[in-house]
Structures are given as C-alpha cells and as structure tokens.
Amino acid sequence: MLFQVGGQGTRPTFFEMAAAQQLPSSLRAALTYSLGVLALRRPFIHKILDYEDECFALLTLVLETHSLRTTDGSFAESLYGLRRRAVKIKVKGDNKGPDAREEINHTGLEKRQKILSVVFLVILPYLRSKLHSIYNKEREAALQASLWGHEDERFGDANYFDGDGNPIVSTSGSDTEDSVRERLRKKIRKIIAACYPWIHAGNEGLSFAYQLLYLLDATGFYSLGLHALGIHVCRATGQELMDSSSRISKIRSRERERLRGPPWLKAVQRALLSCAYGVLDYAQTGLIAAVFFFKMMEWWYQSAEERMSAPTVYPPPPPPPPPKVAKEGIPLPTDRTLCPLCSQKRANPSVVSVSGLVFCYSCVFRYVSQYKRCPVTLMPATVDHIRRLFHDV
C-alpha cells in the first residue's frame, strides 16, 4: 500500500507534494462519479449526493485521524511514503555573531499538532467548499435579479388572470413577513459573496508563493498551513515503512488492553473493535483502488493524442441584438421591471415571441387582441405569440 516516488534525501520533491495534495480532490471526484452512476438505478443514493460536502468531510475525518495516529502523516502523504515531522531549529555558535548557524532537527508530532493537522486537512476544506457554494448561489441570484428583477419585485403584488383578463388570485407580499433570522441569513450571504473572492484570491496567492519557494528550495514548508503548524513533510525511511504494520498492531493491542468491564463485555468490545478495524482497512484499500482506477480511466479517456485530435471547441455565439423601438411604438421604461404599457411593476410577466419584450399578461393580451402587433416594435403578432414566463416553478 505504501511506496515512494523517487528522489534522494529526506526532502520530497515538488511533484511528490503536488501529487499528495491533489489526491483528495481525485478521490472525491471518483466517489462522486461512482455514486452518481449508482443513483441512476438506486434513487435513494441522491440523498447522499445532496449532502456531498458533509459525507466527504466525515469520510476524510476518519481517514486522516487514523492515518495521523498510526503513520504520522495524512492519508495521501502515507500513500506516497511521506511522513510529517515537527521542526525544531537550534542555533549553533554565537546567537549574534556572523558565524551563527541554524540546525533543523525533526521530531515526532505532538498531540496538538495532530489535532491541528486534522483541522487543516478536514475542517478548513469543508468550510471553503461551503463558502464557495454560497458564493455561487449568490452570484446566480444576482445574475437572475439583473435579468428578471428581484424576487419581491417579481412576485410581490402579482395578480393572476385567466384568458379573458379576469383576476383569479391576488397575492401581496411585504418585508414585514420575513423573519429576523431570514434577514440576518441574507445579510450574511451577501457579506460572504462580497468577501469570498478576496479571501479566495489571497489563499491562492499564498499557496502559489509557498509552492514556488518550495520549488526553488527557498523554504522547507510546502504550504501556509504546514508553516503555521511548524511541520516539515519528509520521506519515510525504509525501516519506517516496514515498521508501519507492526506499529498499527501495537496501537490496536494497547487499545484492546484498555478495555474495562466484565469478561463478557470485554469480549463484545474486542469483537466490535476487530470489526471496526477490518472495515477501516478494507475501506482504505478500496479507496486507494478507486483512486488508481479513476486515474487510469482519466488517462485512458483523456490521453494526449485524443486531446490533440479533438475538434476545437469554439465559444458560444453572442446573443442577438435587442429589437429596435419603432418611432410610433410605445417607448421602453428605464426600469426593466416595469411594464411599457401600464408603467407599473409587471404582473404575470409574459413575452411577445416576435420581439422578445416582456409585459403584463393582461396589458399585452388586450393590446395584441385589438391591434395585432407588438406594442413597442409594431411587429405583426397574435395572441398565440404571447408566452407566459415562469421562474423557479
């Protein structure tokens, strides 16, 4: 299960560190794709995909905790034969003299460093994923608002009419109906949407700077998180790789000896621990196999020759120009949410397909029924060209 990539010395190469860093994302992509395929025949699996972030965070929490406890490295680092070591710097000679030299010593990880490593490996990626999701939703909402108007403007004070123009249902909405919790939630989302691009850009910039310095051998820390924890990632020696299984067995035997209670309870607890360890070992082996299988399929379907021979993907064509307003037509209001006919907020927004302009259904229905044309462009139209617009239905 463990192997080394190559190179000399205890310091891993840049490519080893990059491969270990990209492994969790590859594992998540493989699991998500597999669950998506299974969900086509088992619809209940969609519930797992709805909580993809939480399920993957729980899985990585178990894997990273077990890996740091048994091998002093993350799941991806232990797969590539890497270990985490605490950095202790000692100064030789006179502290203030020019001949002073710094000696870096590596020691085992402390309990505090292991806990913080789990936070950096599991908790922070989970929060970053949730912030990215909130930012995408707010961005989509802002784009929809620019095209359709705000939600309260679209659906508040909206009157629904039948084919003859008679009102059917009248609804009215006001800001007073919104709870304080909902308002606070909206404000928090807006703040996140405004701050996330800067936070993301700063994080990516720091990551790039550390990786560049590591590539140039100017620092021993591959990322800001490792620097904050005071941890170097080093290659495991051959003896350490051979002693990994014996170390795991010693840890598990100590845990069995700590069991307390009557003999029958100890037997039950030992059986449960053995089952849990077996499931964990099989799950770890299965995940490793899934990652390699996913990488093999990715290489198979996206080889260099296929990418070179693939046709060029051109960008989508630009949207058609907006329709021209006729000289004798009704002018368009400056506010896009107003109906050009009644100059009020659009109720039951409907579009005339020949021009693409949106009006109130009752207004445009009466106008087109009488004049047989679009009110703004004066293009010939009938009531069959009127299309009701629905949003989030």
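Side chain of Ser353 to backbone of His385: a donor-acceptor contact under 3.5 angstrom is found. Checked by atom type and distance alone, the side chain of Ser67 pairs as donor or acceptor with a backbone atom of Gly73 at under 3.5 Å. Using a distance-only test at 3.5 Å, with no hydrogens or angles considered, no donor-acceptor pair links the side chain of Arg83 to the main chain of Val233. Using modelled atom types, no side-chain atom of Gln113 and backbone atom of Ile231 make a donor-acceptor pair closer than 3.5 Å. A side-chain donor-acceptor contact under 3.5 Å links Thr60 to the backbone of Ala57. Of the possible polar contacts, one joining the Ser78 side chain to the Phe75 backbone as a donor-acceptor pair under 3.5 Å is found.
Leu357 places a side-chain heavy atom less than 4.5 Å from the side chain of Pro323. Side-chain contact check for Pro333 versus Pro340: some heavy-atom pair is nearer than 4.5 Å. Residues Pro125 and Leu121 form no side-chain contact, since every pair of their non-hydrogen atoms from C-beta on lies 4.5 Å or further apart. The side-chain heavy atoms of Leu82 and Met17, taken from C-beta on, include a pair separated by under 4.5 Å. Between Asn203 and Arg128, some side-chain heavy-atom pair lies under the 4.5 Å cut-off.
Alongside Leu131, the hydrophobic cluster contains Ile134, Tyr135, Leu184, Ile188, Ile192, Tyr196 (criterion: ILVMFWY side chains under 4.5 Å). Side-chain contacts under 4.5 Å among hydrophobic residues (ILVMFWY), followed directly or transitively, place Leu216 together with Phe208, Leu212.
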Quick one: do Asp217 and Arg11 satisfy side chain to side chain contact (heavy atoms under 4.5 Å, CB included)? Show the steps, please.
CA-CA 10 Å; Asp217 202 10; Arg11 185 178 184 273; 3.5 Å; yes
Carefully, step by step, assess Val118 and Ile123 under the rule side chain to side chain contact (heavy atoms under 4.5 Å, CB included).
CA-CA 7 Å; Val118 173; Ile123 306 299; 5.6 Å; no
side-chain hydrogen bond (donor to acceptor under 3.5 Å, both in side chains) assessment of Ser117 paired with Arg84
CA-CA 10 Å; Ser117 296; Arg84 294 194 171 198; 3.3 Å; yes
Apply side chain to side chain contact (heavy atoms under 4.5 Å, CB included) to residues Val325 and Thr377 and explain how you reach the verdict.
CA-CA 5 Å; Val325 180; Thr377 62; 5.9 Å; no
Check step by step if side-chain hydrogen bond (donor to acceptor under 3.5 Å, both in side chains) holds for Asp50 and His46.
CA-CA 6 Å; Asp50 292 339; His46 281 291; 5.8 Å; no
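Under the side-chain hydrogen bond (donor to acceptor under 3.5 Å, both in side chains) criterion, Glu110 pairs with no residue at all, not counting sequence neighbours. Contacts of Ser207 classified as side-chain hydrogen bond (donor to acceptor under 3.5 Å, both in side chains), with partners at least two apart in sequence or in another chain: none. Checked against side-chain hydrogen bond (donor to acceptor under 3.5 Å, both in side chains), Ser129 has the following partners two or more places apart in sequence or in another chain: Asp53. Not counting sequence neighbours, the partners of Arg373 by the side-chain hydrogen bond (donor to acceptor under 3.5 Å, both in side chains) test are Tyr367.
With rounding to the nearest 0.5 Å, the separation of NZ in Lys130 from CD in Glu54 is 4.5 Å. Here CD of Gln344 is found 9.0 Å from SG of Cys363. Values are rounded to the nearest 0.5 Å. Remark: Tyr210 OH to Leu226 CG distance equals 9.5 Å, nearest 0.5 Å. Taken to the nearest 0.5 Å, the CG atom of Leu59 stands 9.5 Å off from the CD atom of Glu64. How far OG1 of Thr32 is from CZ of Phe56: 7.5 Å, rounded to the nearest 0.5 Å. Within the model, atoms OG1 of Thr13 and CZ of Arg235 stand 6.0 Å from one another, a figure rounded to the nearest 0.5 Å.
Pairing each heavy atom of Ala381 with each of Val368, the nearest pair is O-CG1, 3.8 Å. Nearest heavy-atom pair, Asn348 versus Arg388, reported as atom, atom and distance to 0.1 Å: OD1-NH2, 3.3 Å. Residues Ala18 and Tyr222 approach most closely at CA-OH, 3.5 Å, considering heavy atoms. Closest of all the heavy-atom pairs between Gly356 and Val351 is C-CG2, 3.5 Å. When all heavy atoms are compared, the tightest approach of Asp72 to Leu109 is O-CD1, 4.0 Å. Taking both residues in full, the closest heavy atoms of Cys374 and Phe359 are given as SG-CZ, 4.4 Å, listed atom of the first, atom of the second, then distance.
Ion pairing of Lys137 with Glu140 is absent here, as no side-chain N (NZ or NE/NH1/NH2) approaches a carboxylate O to less than 4.0 Å.
Aromatic ring orientation, His200 versus His132: tilted (interplanar angle from 30° to 60°).
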